[in-house]
Amino acid sequence: NVGVVTAAMAENGATVYAFEPNPDAFARLQARFAGQPNVHCLCQGVLDEPGQARLFLHQNAGEDPVLWSTGSSLRDDKGNVAKNRFVDIEVIDLCTFVRGLGRKVRLLKLDVEGVECRILRKLIETGLIQEIEHVWVETHDQKIPALRAETDALRARIRELGLEHVRLDWI
């Protein structure tokens, strides 16, 4: 979003790749970290495949587009988005991005407002989940009831595989 976690990581010397698809939030993020060589701001969304997608905006985005940008989602069934207010965005395949880094990732913070399960399943299926030391995920199955079964199945799979470095409860 606007870089609260990015700032904490960057101040401690981490190289940070901050993805923010919402153009209003991205402008704030990019301005905040301009000139910081260890922070790479990317105006893209992340998914399990590359392409174009609709980013549905929070129903209150008209009041303050940056404040309400945290509620934007690639899912139109999220209760607080306006189905008729969206921006078309570029999305990247997170697995391809991680693989392209050519090194292990110390921390992946994943908060993508409802598409986390898709991304995590692919990270697990490809084995790339083992290339990430810590995975912190905010799930959205409480806000999007249609995600409950999928999220429960993913939790069970993570337990079954003993992936103790994957936290689905960081918030």
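Values below: every heavy atom of this structure, side chains too, minus hydrogens, waters and symmetry copies. Predicted model only: the values in this text are computed from it and were never measured. In this chain, residues are counted from 1 in sequence order.
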Participant: Going from SG on Cys117 to CG on Leu147, what distance comes out if it is rounded to the nearest 0.5 angstrom?
Facilitator: 6.0 Å
Participant: Could you check Asp76 against Arg85 for salt bridge (charged side-chain N to carboxylate O under 4.0 Å, His left out), going step by step and ending with a plain yes or no?
Facilitator: CA-CA 10 Å; Asp76 68 353; Arg85 293 202 57 212; over 6 Å; no
Participant: Return the minimal non-hydrogen interatomic distance between Leu123 and Leu94, and the atom names on each side.
Facilitator: CD1-CD2, 4.5 Å
Participant: Starting from Ile89, can I reach Val46 by hopping between I/L/V/M/F/W/Y residues whose side chains sit under 4.5 Å apart?
Facilitator: yes
Participant: As an exercise, state the distance from CG of Leu107 to CD1 of Ile132, rounded to the nearest 0.5 Å.
Facilitator: 9.5 Å
Participant: Holding to side-chain hydrogen bond (donor to acceptor under 3.5 Å, both in side chains), I want the full list of residues that pass it with Thr126, two or more places apart in sequence or in another chain.
Facilitator: none
Participant: Is there side-chain contact between Ile144 and Asp77, with heavy atoms separated by less than 4.5 Å?
Facilitator: yes
Participant: With a 3.5 Å cut-off and no angle check, do the side chains of Glu133 and His165 form a donor-acceptor pair?
Facilitator: no
Participant: If I take atom CD from residue Gln130 and atom CG from residue Leu161, how far apart are they, to the nearest 0.5 angstrom?
Facilitator: 8.5 Å
Participant: Once side-chain hydrogen bond (donor to acceptor under 3.5 Å, both in side chains) is applied, do any residues pair with Asn60, and if so which ones, sequence neighbours excluded?
Facilitator: none
Participant: Are any of the side-chain heavy atoms of Asp93 and Lys122 separated by less than 4.5 Å?
Facilitator: yes
Participant: Within a reach of under 6.0 Å around CZ of Arg106, are more than 12 heavy atoms found that belong to other residues, nucleotides or ligands?
Facilitator: no
Participant: Can you tell if the side chain of Asp111 reaches within under 4.5 Å of the side chain of Glu116, non-hydrogen atoms only?
Facilitator: yes
Participant: Using 0.5 Å steps for rounding, measure from the CG atom of Asp24 to the CG atom of Leu67.
Facilitator: 11.5 Å
Participant: Would you say Arg148's side chain and Asp141's backbone share a donor-acceptor pair under 3.5 angstrom?
Facilitator: yes
Participant: Taking only residues two or more places apart in sequence, or in another chain, which ones meet Val2 in a side chain to side chain contact (heavy atoms under 4.5 Å, CB included)?
Facilitator: Ala25, Arg28, Val66
Participant: May I have all residue pairs that pass salt bridge (charged side-chain N to carboxylate O under 4.0 Å, His left out) and include part of residues 158-168, sequence neighbours excluded?
Facilitator: Arg157-Glu160, Arg167-Asp169
Participant: Val39 versus Thr6: any side-chain heavy-atom pair under 4.5 Å?
Facilitator: yes
Participant: Atom CG in Leu128, atom CD1 in Ile119: separation rounded to 0.5 Å?
Facilitator: 13.0 Å
Participant: Within a strict 4.5 Å, meaning less than it, do heavy atoms of the Ser72 and Phe56 side chains meet?
Facilitator: no
Participant: Please table the atom pairs, donor to acceptor, closer than 3.5 Å between any side-chain atom in residues 13-21 and protein atoms at least two apart or in another chain.
Facilitator:
{"residue": "Glu20", "atom": "OE1", "partner": "Asn1", "partner atom": "N", "Å": "3.0"}
{"residue": "Glu20", "atom": "OE2", "partner": "Asn22", "partner atom": "N", "Å": "2.9"}

Participant: Can Glu150 and Arg118 be counted as an ion pair, charged N to O under 4.0 angstrom?
Facilitator: no
Participant: So how far is it from Glu113 CD to Ser69 OG, rounded to the nearest 0.5 Å?
Facilitator: 9.5 Å
Participant: According to side chain to side chain contact (heavy atoms under 4.5 Å, CB included), who are the partners of Asn80, at least two apart in sequence or on a separate chain?
Facilitator: His58, Gln59, Lys78
